[in-house]
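Working notes, beginning with the structure itself.
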Amino acid sequence: AEICAGLRGPVAVHGDVRVAEDVVAAIETYAKSHGARFLVTAASGKTGWQHLRLGSVSEALVHRAKQPVVVVPSRGVAATAPAANAVAVATDLSEVAGRAVPVGLELARALRVPIILIGVHRGDQEGLARLRDDLARSAASLQSGGVKVTSVALAGQDVAATIAEWSAQHAAFVCVAPHQSGLRRLFFGSTVDAILHRLSVPGIVVPPAPGASGS
């Protein structure tokens, strides 16, 4: 209550405390009953096996929540470039990664900012050119509802680091959709986990489709 009372702005802020053994389930139930569209949590700053061993509410929400989770970097939201007023969607143009696009568009419409499809290619310039063309076609095909949609193809061997470095200068949010879910993703990680650990702007994780196990 004290935290809520100290917040000022045009958005109403409410607070509540619940007692529950399953924290994630309790948060989701509360959010659903209040019509929350997103869950927002702060990253702990731990990575790798230390992060897995210690665990956290943030980690559990990212892996188990059935609605998009906004993960705020542990070091706080960095000061971004003046042009960094876009919502980026990281994609490899797969069907799974495409699940992040509607969420990105929804947020971009709400904030009245552009959306950018971003992809990373590890190979040669010819492959990078093909990715650039494919991303451009995908961007042009989106029903954006008035939102400006563009795309960018980057070259880099480390996909997560490349996306994080670009996002620090060009994006206010980065939407991602994991290819894996459940224990497999929890124990072996994913590109999405690596991106979240490196981002200096909030990342939005779109949950896997019901029943999806990934690969």
Side-chain angles (χ1 to χ4, degrees), residues 11 36-40 62 65-73 77-156 158-180 190-196 198-209 212 214:
V11 178
R37 178 67 181 93
F38 297 91
L39 299 177
V40 181
V62 167
K66 297 179 179 61
Q67 64 192 107
V69 178
V70 182
V71 182
V72 179
V77 179
T80 55
N85 62 342
V87 174
V89 175
T91 179
D92 57 7
L93 296 175
S94 67
E95 182 178 352
V96 174
R99 290 185 293 99
V101 174
V103 176
L105 281 171
E106 178 185 350
L107 184 60
R109 290 190 192 103
L111 298 177
R112 298 181 181 179
V113 299
I115 185 171
I116 305 173
L117 303 184
I118 175 175
V120 179
H121 184 67
R122 295 189 179 100
D124 55 22
Q125 290 299 312
E126 183 178 348
L128 180 63
R130 286 197 298 270
L131 174 62
R132 185 179 296 112
D133 291 342
D134 290 342
L135 285 169
R137 282 193 292 269
S138 181
S141 69
L142 290 178
Q143 299 297 320
S144 63
V147 173
K148 180 181 179 181
V149 183
T150 60
S151 62
V152 60
L154 305 173
D158 187 327
V159 174
T162 302
I163 290 175
E165 182 178 351
W166 179 90
S167 300
Q169 295 298 318
H170 302 283
F173 295 90
V174 178
C175 293
V176 291
H179 279 259
Q180 299 173 353
S190 70
T191 300
V192 166
D193 293 314
I195 292 172
L196 291 177
R198 289 168 172 80
L199 284 179
S200 57
V201 299
I204 301 175
V205 183
V206 179

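The nearest pair of heavy atoms linking S94 to A97 is OG-N, 3.2 Å. Looking at every heavy atom in both residues, A88 comes nearest to A171 through CB-CB, 3.9 Å. Looking at every heavy atom in both residues, L39 comes nearest to A65 through CD1-CB, 3.9 Å. The two atoms that bring P202 and A172 nearest to each other are CD-O, 3.4 Å, heavy atoms only. The two residues R99 and P178 come nearest to each other via the heavy atoms NH2-O, 3.1 Å. Looking at every heavy atom in both residues, S167 comes nearest to V201 through O-CG1, 4.1 Å.
Under the side-chain contact (heavy atoms from CB on, under 4.5 Å) criterion, S141 pairs with no residue at all, not counting sequence neighbours. Considering only residues two or more places apart in sequence or on other chains, A160 meets the side-chain contact (heavy atoms from CB on, under 4.5 Å) condition with D158, A194, I195, R198.
Sorted by first and then second residue, the salt bridge (charged side-chain N to carboxylate O under 4.0 Å, His left out) pairs involving residues 162-177 (not counting sequence neighbours) form an empty list.
Going from atom OG of S200 over to atom CD of Q169 covers 8.0 Å, rounded to the nearest 0.5 Å. Distance check: L154 CG to I118 CD1 gives 4.5 Å after rounding to the nearest 0.5 Å. The OG1 atom of T91 sits 14.0 Å away from atom CD1 of I116, with the distance rounded to the nearest 0.5 Å. Distance check: I115 CD1 to T150 OG1 gives 9.0 Å after rounding to the nearest 0.5 Å.
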Show which side-chain atoms of residues 100-114 pair as donor or acceptor with protein atoms under 3.5 Å away, not counting sequence neighbours.
from: E106; atom 1: OE1; to: R37; atom 2: NE; distance (Å): 3.2
from: E106; atom 1: OE1; to: R37; atom 2: NH2; distance (Å): 2.9
from: E106; atom 1: OE2; to: R37; atom 2: NE; distance (Å): 2.9
from: R109; atom 1: NE; to: S144; atom 2: O; distance (Å): 3.0
from: R109; atom 1: NH2; to: Q143; atom 2: O; distance (Å): 3.2
from: R109; atom 1: NH2; to: S144; atom 2: O; distance (Å): 3.3

Side-chain atoms of residues 126-135: list all donor-acceptor pairs with protein atoms under 3.5 Å, sequence neighbours left out, distances to 0.1 Å.
from: E126; atom 1: OE2; to: R130; atom 2: NH1; distance (Å): 3.3
from: D134; atom 1: OD1; to: R137; atom 2: NH2; distance (Å): 2.3

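T191 has its side chain out of reach of D92: every pair of non-hydrogen atoms, C-beta onward, lies at least 4.5 Å apart.
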